[in-house]
Amino acid sequence: MPVKWLMHFQPNQGTTLTSQVMAEACAVAESFPGVSRDGRWRSSMTFYRAVPRDQSLPAPSDLPRDLIGISLHDLPNEYLFVMRSQRLILRAHSSVQTVMDKLQSYKGRFFINFEGLQYKWGDFKLRIGKCLYNPNEALRGIVMEVEYLPLSSIDKSQRVMEEFYEIWREAVASKLLAGQFINTEVNFVEYGLGDSYTPQHTAVLYGMCVVQVIASSNKNQ
Amino acid sequence: MEPQQQAGSGDAPPKQVAQAMDRLGRAARLIAEIRLGADRILEALLVSNENPRLSEKAAELTLGEEDAMRRHFLDLRTVGKQLEDSGVLSGALRSRGNSWGLHMPLVCPDGAVVAYAWKRQLAGQAGASAVDRARLALKAFSDQKRRFFPQLEDDQLNRSNNDTIKFPPTKRPRLLHRPTQSPNIDSTEQKPMLADILKSIQTEAPGVTISTYQRLEWSKRAESLASTMNDSSLDQPKEQILSNLSGSFNEVAVIELVASGVFRVLVSLHPAGSTDPDAVAFFSPNEGGSYLHSRGMSVHHVFKHVTEYADKALQYFQSSDPNKALSHLLSWICSHQSLFTKNCSKCSKLLAMDKSLALLLPPVHRPYLLNSKDHDQDFATAYHIGCSSYDV
């Protein structure tokens, strides 16, 4: 599947993130000639915490306490789990969420939704979205996903993505947005992932990105 | 000479043949009418038997059919006589060829029509006129090329060191004139063999995997690539290292070049087993399906543009050095391994916005001009569409 990069918006020191930034970022995307809007997109993330069966006993150390579940916009029939501590990723059918609800071994602690607009630009696909904390829909961040359709090799597409990132950063800076987009850097090898891009790579990117988004939004509050 | 009823002996044999076929057709129709008439009569009898009230109507119908049948029989007799007289039914003219070497179609006792001899003759004539038509078409194409692609014309004129400037169209009649020759009988032209070319390209570009296929083998592989790509639960399979699949090189029609993670290129050879490239197309390594062939087009913009440029490169190689067109083309293709990493030789950037296309593309134009010593031809430069000058 085509390679993707994931960036999040880092507001300038002392400024707070508002929905206005989302509109401005979309305006930057739309200012490039040849860009066309391609509908909306939506992904969601659930932060699970282990529910110990017997409260008196200490939790077994080999079981992960925290689990992230991700439903991606381009894979509606699948659900991915990321265990960041163990560096493990699991791909399952989307009905596993029903299983999780019934088992009650892990309970969803909080939820994050990503939703926004999708653009097509030649061989690139751009997705700019708000990162919303469920249930109160508080804006936690702005993310942007960039996909380069012709290539699936992370190594071979590195330079193309880097140059695109530079072009995007320059455009954002020239439109005087109150901050910058920062790329999510991940060492995929630690997660046992190879050079060929897969949904597991996307899951890891989102896992890392959200942690950075939450950290940055906590810092600015 | 046998007296002919309508086609006089002075008529050209093709006319006689045409008339004979016409009469045979008419006879067949009459026989069909007679059969239908018989059916209707039998049906009328059946109806009147089951339903006595309708017997009068049935009788009327029967009489009508009888008249029609009688007419059909008379007509059939006439046609039969005509056919007999022209020798179709008796084979009287079979051994006796007339001046054109044509034989009348022969109707055997079991009803089969044997027309092989004259059919072959007519096919031969059609073939000869096809060669003429093709020659005229090629002349028209080369005139158009001169009009619309003057830069290619200039390239050939500038190569003053080459004293045998050949235009692409002159290649084709040579192919047409030897349709039945084995493609390997090229010793008089001293062209390199396909196996040698592929071996040397493999040494020159170890990062590219080269495989060869017969035409049908490739169609199957293209389809299987589609299903592999769609099955996203599999990790991308390693490119299968396929050594030459077809046992001998005599029927190789498709060459596949794969640079892992960068491109998949298809080159077709015409005729199969020769070293004459016919068409070329670039694709993403993650594309699959029946549209993957040397005249197909990638769904991605970058590869579409490279393919368009490759068509021009192929024409250039064919016209400037036909014996080595395949070697040059394959070398040029292999230089594209750095398609997504090599900066433009003019603006030094990798991605550039093409204003007219409104697309962000890497340098997709790699100059293909051959210099006088064709060793060390490395096709090392690359340009964005907007950065490449007109005659590159």
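FYI, side chains are in, hydrogens and waters are out, and symmetry mates aren't considered; it's all heavy atoms of this structure. Every chain is numbered from 1 and lettered A, B, ... according to where its sequence line falls, protein lines coming before strand lines.
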Lys120(A) atom NZ, neighbour heavy-atom count above 12 within 6.0 Å: yes
Under 4.5 Å from a heavy atom of chain A, the part of Phe283(B) involved: neither
Any side-chain donor near an acceptor of the partner, Ser298(B) and His300(B), under 3.5 Å: no
Checked Asn343(B), Val299(B), Leu359(B) vs chain A; the most non-hydrogen pairs under 4.5 Å come from Asn343(B)
Run the side-chain contact (heavy atoms from CB on, under 4.5 Å) test on Leu357(B) and His301(B) for me, step by step, so that the C-alpha distance in whole Å, both residues' side-chain angles and the decisive distance to 0.1 Å come before the verdict. CA-CA 10 Å; Leu357(B) 299 168; His301(B) 295 278; over 6 Å; no
Polar side chain donor-acceptor pair, Asp38(A) to Ser36(A), under 3.5 angstrom: no
Examine whether an atom of Lys355(B) lies under 4.5 Å from a heavy atom of chain A, and if so say whether it belongs to the side chain, the backbone or both; otherwise answer neither. neither
Give the member of Gly122(A), Ser153(A), Pro150(A) that has the highest number of heavy-atom pairs under 4.5 Å with chain B. Pro150(A)
Part of Leu339(B) within contact of chain A (heavy atom distance under 4.5 Å): neither
Less than 4.5 Å to any heavy atom of chain B: does that hold for the side chain of Ile154(A), its backbone, both, or neither? neither
What part of Phe164(A) is in contact with chain B, defined as an atom under 4.5 angstrom from a non-hydrogen atom: side chain, backbone, both or neither? both
Arg40(A) and Glu115(A) ion-paired at < 4.0 Å: no
Tyr206(A)-Glu145(A) side chain donor-acceptor pair, cut-off 3.5 Å: yes
